[in-house]
2 protein chains.
Amino acid sequence: MEATWQEQLRAVGLRVTRPRLSVLQVLAERPHADVDTIVTAAREVHPTLSPQAVYGVLQALVTGGLARRIEPAGAPALFELRVGDNHHHLVCRSCGAVADVDCTVGAAPCLTPSDTAGFVVDEAEVVFWGLCRDCRVGKPSETTKVPEHHDRGGVHE
Amino acid sequence: MEATWQEQLRAVGLRVTRPRLSVLQVLAERPHADVDTIVTAAREVHPTLSPQAVYGVLQALVTGGLARRIEPAGAPALFELRVGDNHHHLVCRSCGAVADVDCTVGAAPCLTPSDTAGFVVDEAEVVFWGLCRDCRVGKPSETTKVPEHHDRGGVHE
DNA sequence: GTCCTTGATTTGACTCGATCAAGAAAACCG
DNA sequence: CGGTTTTCTTGATCGAGTCAAATCAAGGAC
């Protein structure tokens with residue numbers, strides 16, 4: 001599997017290094033990992049890996065288009081390898097869990113704003129907020145970040 | 001205009017204080033202000049206002065449903081008074097300018113994910129990324145945060 | 001109008017995510 | 001197998017945001 005990583009790294013002009021392969025492997029196993037998770041996991045195969053190295057690797061991967069950075073409001077940045085397909089995310093308000101969601105609508109009416117106010121839009125980002133199954137059944141996993149929730153509007157109409 | 005602020009504060013069980021009125025007035029003038037902007041602007045009418053007070057005021061307003069917090073990726077949090085209508089935002093990659101965009105689509109197909117992966121969704125958040133008019137015409141306002149831009153997918157299909 | 005209780009603000013320290021910079025190490029080319 | 005360039009390590013630094021104790025003000029009671 002790492003052979004593919006090597007090719008992909010070279011394809012975007014990046015050198016093939018152990019930290020990069022380690023980070024790529026972690027991201028392949030954990031689709032939405034934050035930096036701390038990546039460092040911890042990657043150290044299983046590369047114990048001397050530093051957090052700053054991971055930041056550097058991730059920035060290189062994102063710049064090269066091999067990874068994508070997502071930043072749910074109020075949470076540290078997460079990284080994923082799924083790039084190219086413009087999929088969206090479900091985020092749990094309680095535990096912060098993230099799940100991918102493919103947009104099943106080809107032409108997305110709501111994603112081409114009628115009044116762009118002079119902006120040239122090149123990307124539309126959608127985040128669905130809610131509660132994951134585990135948190136919903138009364139098991140607020142580990143971190144209960146949003147104990148009380150103020151609803152204001154519901155799901156877009 | 002402050003009479004309305006007073007009513008609104010009382011309506012959600014909050015005391016009417018100078019910091020709160022100041023912050024509300026600033027938000028009414030600047031629809032998408034960050035904390036620093038609010039502090040600076042509010043000090044024109046309340047010079048001793050502390051940043052922490054603004055944080056407290058904003059949290060109270062958000063909790064009470066009078067304000068909404070938006071956090072564009074990579075930028076400090078912004079606050080706005082438009083609540084209740086689930087409108088979306090255009091964000092400039094270069095200068096960070098934010099503009100409101102009303103969703104013209106009543107039923108939003110793309111905003112009800114087909115596979116919710118066990119999540120109970122209560123809000124859909126949409127952010128349109130692009131360049132504002134000023135930054136597009138070669139005047140990258142002040143902070144050029146994203147000099148080179150890697151496009152990866154365009155506007156959702 | 002004044003007092004009192006509760007809630008809000010001030011002040012200061014502190015946490016956490018992320019970035020920057022200089023030197024050491026490694027990857028790739030020939 | 002060197003040489004050059006990129007990348008990683010190490011350590012300091014920054015900024016947004018939070019926490020906690022003490023002070024202060026708002027608003028109802030008297």
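By convention in this document, chain letters (A, B, ...) are assigned in the order of the sequence lines, proteins followed by strands, and residues within each chain are numbered from 1. When reading the values below, keep in mind they use all heavy atoms of this one structure, side chains included, and skip hydrogens, waters and symmetry mates.
Nearest-nucleotide positions on DNA chain D for B/Glu71 and A/Thr48 put A/Thr48 closer to the 5' end.
The overall bend of the helix from C/dG1-D/dC30 to C/dG30-D/dC1, read as the angle between its terminal helix axes built from five base pairs each, is 30° when rounded to 10 degrees.
Rounded to whole Å, atom C1' of D/dG17 lies 12 Å from atom CG of B/Leu58. Between the CZ atom of A/Arg20 and the P atom of C/dA26 there is a distance of 15 Å, given to the nearest Å. What separates CG of B/Leu61 from P of C/dA8 is a distance of 11 Å, to the nearest Å. In this structure, the NE2 atom of A/His46 is 15 Å from the P atom of D/dT7, given to the nearest Å. At whole-Å resolution of the value, CD in A/Gln6 and P in C/dA27 are 11 Å apart. Computed from coordinates, the A/Leu49 CG to C/dA25 C1' distance equals 14 Å when rounded to whole Å.
No single ILVMFWY cluster, assembled from side-chain heavy atoms under 4.5 Å apart, contains both A/Trp129 and A/Leu131.
When all heavy atoms of A/Glu80 and A/Pro31 are compared, the pair lying nearest together is CB-O, 3.1 Å. Nearest approach of B/Pro72 to B/Val91, heavy atoms of both residues: CB-CG1, 4.3 Å.
Checking each of B/Val26, B/Leu27, B/Leu21 against B/Val23 for a side-chain contact (heavy atoms from CB on, under 4.5 Å) leaves exactly one that passes, namely B/Leu27.
Among residues at least two apart or in separate chains, there is no ring pair (Phe, Tyr, Trp, His ring centres under 6.0 Å) pair with a member in residues 45-77 of chain A.
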Q: Encode nucleotides 18-30 of chain D as B, S and - characters from 5' to 3', where the letter depends on protein heavy atoms closer than 4.0 Å: B to the base, S only to sugar-phosphate, - to neither.
A: BB-----BBS---
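By the salt bridge (charged side-chain N to carboxylate O under 4.0 Å, His left out) test, B/Glu44 pairs with no residue at all, sequence neighbours left out. Every residue was checked against the salt bridge (charged side-chain N to carboxylate O under 4.0 Å, His left out) condition with B/Arg30, not counting sequence neighbours, and none meets it.
Listed for the B/Arg133 side chain is no donor-acceptor partner under 3.5 Å among the backbone atoms of A/Val120.
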Distance-only donor-acceptor pairs under 3.5 Å for side chains of residues 35-42 of chain B, two or more places apart:
unit_1	atom_1	unit_2	atom_2	d
B/Thr37	OG1	B/Asp34	OD1	2.7
B/Thr40	OG1	B/Asp36	O	3.0

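Within 4.0 Å (heavy atoms only), A/Ala60 reaches no atom of the nucleic acid at all.
Distances were taken from every side-chain heavy atom of B/Ala53 (C-beta onward) to each of D/dT9, D/dG17, C/dT10; the shortest belongs to C/dT10.
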